[in-house]
Amino acid sequence: MSDMRDMFVETASRLFRDYCTPDLLRAAAAGSFQTQLWDAMVEAGLTKAAVAEDAGGSGAELADALALLVPAGANAVPAPLAETLIAGFLLGEAGVVVPDAPLTIAIPRPGETLRAVRKGDGWLITGAVARVPYARFASGGVTVIAETAEGPLLAQVALADCKIAEAANLAHEPRDDVAFNEAPAQAAKLTTRQAADVYAMAAAARSAQMAGALQTVLQLSVQYALERSQFGKPLGKFQAIQHNLATLAGQAAAATAAADAAIAHAEHGAGSIAIASAKARAGEAASIACNIAHQVHGAIGFTAEHALHFSTQRLWSWRDEFGNDAFWELKLGDQAVAAGADGLWAMLTAAA
Amino acid sequence: MEALSFAPPPVSEEAERVRAEVRAFLKTELANRPPFKKADSWNGADPAFSRKMGAKGWIAMTWPKQYGGHERSALERYVVLEEMLAAGAPVAAHWIADRQSGPLILKAGTEEQKQSILPRIAAGDCYFCIGMSEPDTGSDLASVRTKAVKADGGWVVNGTKVWTTGAHIAHYMILLCRTAEPTANRHEGLTQMLVDLKATDGVQINPIYDLAGQHHFNEVVFRDAFIPDSAVLGKPGDGWKQVTSELALERSGPERFLSSFTLLVELVRALGPDPSPAAKIAIGRLVAHIYTLRRLSRSVAGMLQRGDDPAIQAALVKDLGALVEQEIPEIARQLIAAEPDTKSTSDFVAVLAHTVLNAPSFSLRGGTREILRGMIARGLGLR
Ligand SMILES: Cc1cc2nc3c(=O)[nH]c(=O)nc-3n(C[C@H](O)[C@H](O)[C@H](O)COP(=O)(O)OP(=O)(O)OC[C@H]3O[C@@H](n4cnc5c(N)ncnc54)[C@H](O)[C@@H]3O)c2cc1C
């Protein structure tokens, strides 16, 4: 862990905590973009954390930048920070000017295609990607990886050139369907990064957000168990509740450790055991943790008014974004089978 | 909640070098060990193997050289342990001595105790057992009744210990007993003693067979056994403090999530090159779990290396680890239809049978699931 990361994470945590009040989260859920929050993040150098300094960024390693997503997840930051960090990293790496405005990434999943063909000096993009995070607010453009006859192409498409059909996840975060119909690339560069590699990078990002959200779910549940009394004593004094919260703590710790590994391996691509493990493990942890947290909170936690759902609705959504548990487990299973019985342990230790 | 944070495990190049050496050694050493035996993991005792490990310098790795140790890092030691377990090496003979008894003697022992015992442990020649549990004392360890009464030059001990793993092969037991009547503070008046099992009159070791028909643990009966003052470990009355730090060591290692690893290996072998997607997903899920547990567990090793006290983190890893260890046989039996049989000529079926029979112990030994969760809850500030 670098000093850079510590400093960044600390600044970010404070900023997220200050801004992401229940009122702001509710306003975001109602559909408005949180400009003040965004501007504060820009001001603090968070949005371009993984962009080189001479390109106007903060010059952090990608892993250090993605570490911001743990506190971002913990505070339910209602903005495309993960997507902007990744897009910024990819564009910066390709020598493309990175806008200050919100960005998003449209990465085709298995079954979706995005193709690019040359037109004059530039490229035209055609295809569709479903449920692109915050697409409607990506005024800095949509970053895509498209297939071409010459290999994968990293391209930046202006929002005005995309056709957007609005939709949202369970936490009311925008997840829009984006169609490209010979959309001109604002900037483009052939890359060695396949769509699947960027998909994995985004999965690492979601794991980090999930780790943060799980920490909040744990913290809210412990706090509630200490504050709420029944039968003449705080709930937290009942052993059944203590053991459930211990289980929840174990899930949060596992997801956090796995996410730590994933962000350290974020550039390792679709075959990364760390990323696959983290996204799958976080998904499982989310299911167990949300279940316990809501049980401990009783009816109040089931209300729109209580803050618990800011975290649990995100966890219920994020576990299925950028590959659900089974998607990543299948990849791990494929690798285990390829390694074979006698290569399994070596595979596990090599991935550390 | 600070108590539950896990720093990323430190990277150690030396440790990776050790890994290569250990793998090369085990490749020849275990070439003919059948999977059913490998599944015994840290329950498999083989003094000859322990002596070879001693000769390699893989016991007492972190202890000072003056006591036969090798002054290597906790991370290097961790690599040796996990490689041994993953390969199914028979490490049980020296395991307890290396893991907890030796470190305890190093911390609390007299110079004479250190010099006479530690080098023999390091050589793979001297084995220990844990004398904590009694017929009426399990999770509530402070309730031990085995009693030592002061006599001229020593103590006279009466009482019974149970579930004493390896007492029948061990040279010493570290006995937890009462040396003073219980007061309002039950943690006072407890003392640990080094019992020389080969040379103490009045100590009887009776086998207890486990449900798999194996003889691992024992009942150890003390009848007016005389323990000299020189065998008291630490100060009389310090037993509780010592035993809790010993338990932290007992819970912190990779044996707490790798007990069923041989079954996973045989499962992957039995599934062959082209399992169904459902089978691959199930295997992949276990890979994700073990990858994550390993990271948590190495983080604990890092804390030990820094001299922190990771008691609660270790409890958490052990709780998570036992869940996965116990899930592996359940998953295996759903993926491959087979009736478990310890005598089967199929490696998978025999290992499955062995693991099914041993799985209940994974969340009992070394502190039950409920006790661990109580510790975690304390770490969360709930108790
Ligand atoms: C394979 C194996 C090897 C062992 N080796 C050794 C050894 O070498 N030396 C040694 O000293 N001991 C050894 N033990 C004993 C082990 O430490 C004990 O089994 C353990 O501490 C639990 O004690 P118990 O079995 O008496 O169960 P009990 O303490 O009677 O517990 C029975 C059940 O009640 C639960 N329970 C108890 N108290 C509470 C509570 N306050 N709240 C909620 N639930 C509770 C327990 O979790 C458990 O589920 C071994 C055990 C096994 C299985």
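Letters go in sequence order (proteins before strands), and every chain restarts at 1.
Heavy-atom distances place the side chain of B/L258, and not its backbone, under 4.5 Å from chain A. Both the backbone and the side chain of B/E82 come within contact range of chain A, each with at least one heavy atom under 4.5 Å from a heavy atom of that chain. Both the backbone and the side chain of B/E370 come within contact range of chain A, judged by heavy atoms closer than 4.5 Å. For a residue to count as touching a neighbouring chain, one of its non-hydrogen atoms must lie under 4.5 Å from one of that chain's; by this rule B/R19 touches chain A with the side chain only. Residue B/R23 touches chain A through its side chain alone, counting heavy-atom pairs closer than 4.5 Å. Within the 4.5 angstrom heavy-atom criterion, no atom of A/A252 approaches chain B. The parts of A/A336 that come within reach of chain B are both its backbone and its side chain, each placing non-hydrogen atoms under 4.5 angstrom from that chain. B/P275 touches chain A through its side chain: at least one heavy atom from C-beta onward sits under 4.5 Å away, while N, CA, C and O do not. For a residue to count as touching a neighbouring chain, one of its non-hydrogen atoms must lie under 4.5 Å from one of that chain's; by this rule A/E284 touches chain B with the side chain only.
Side chains of B/S259 and B/E325: a donor-acceptor N/O pair is present below 3.5 angstrom, by distance only. Side-chain atoms of B/S363 and B/Q326 form a donor-acceptor pair, as typed in the model, at a separation below 3.5 Å.
Not a single donor-acceptor pair under 3.5 Å links the side chain of A/K279 to the backbone N or O of A/A274.
The environment of CD in A/E61 is sparse: at most 12 heavy-atom neighbours from other residues, nucleotides or ligands sit within 6.0 Å.
With chain A as the partner, the residue from B/I283, B/V11, B/L320, B/L323 showing the most heavy-atom pairs under 4.5 Å is B/L320. For the set B/L296, B/L286, B/V79, the count of heavy-atom pairs under 4.5 angstrom toward chain A peaks at B/L296. Most heavy-atom pairs under 4.5 Å with chain A: of the set B/L264, B/I290, B/V268, B/L293, this distinction falls to B/V268.
Relative orientation of the A/W316 and A/H294 rings is parallel, given thresholds of 30° and 60° on the angle between their planes. Ring planes of A/F231 and A/F238: perpendicular class, angle over 60° (limits at 30 and 60°).
Of the candidates B/T355, B/V351, B/I336, B/L267 forms a side-chain contact (heavy atoms from CB on, under 4.5 Å) with just one, namely B/I336.
Annotation: side chain of B/P35 is not in contact with side chain of B/L263 (no heavy-atom distance under 4.5 Å).
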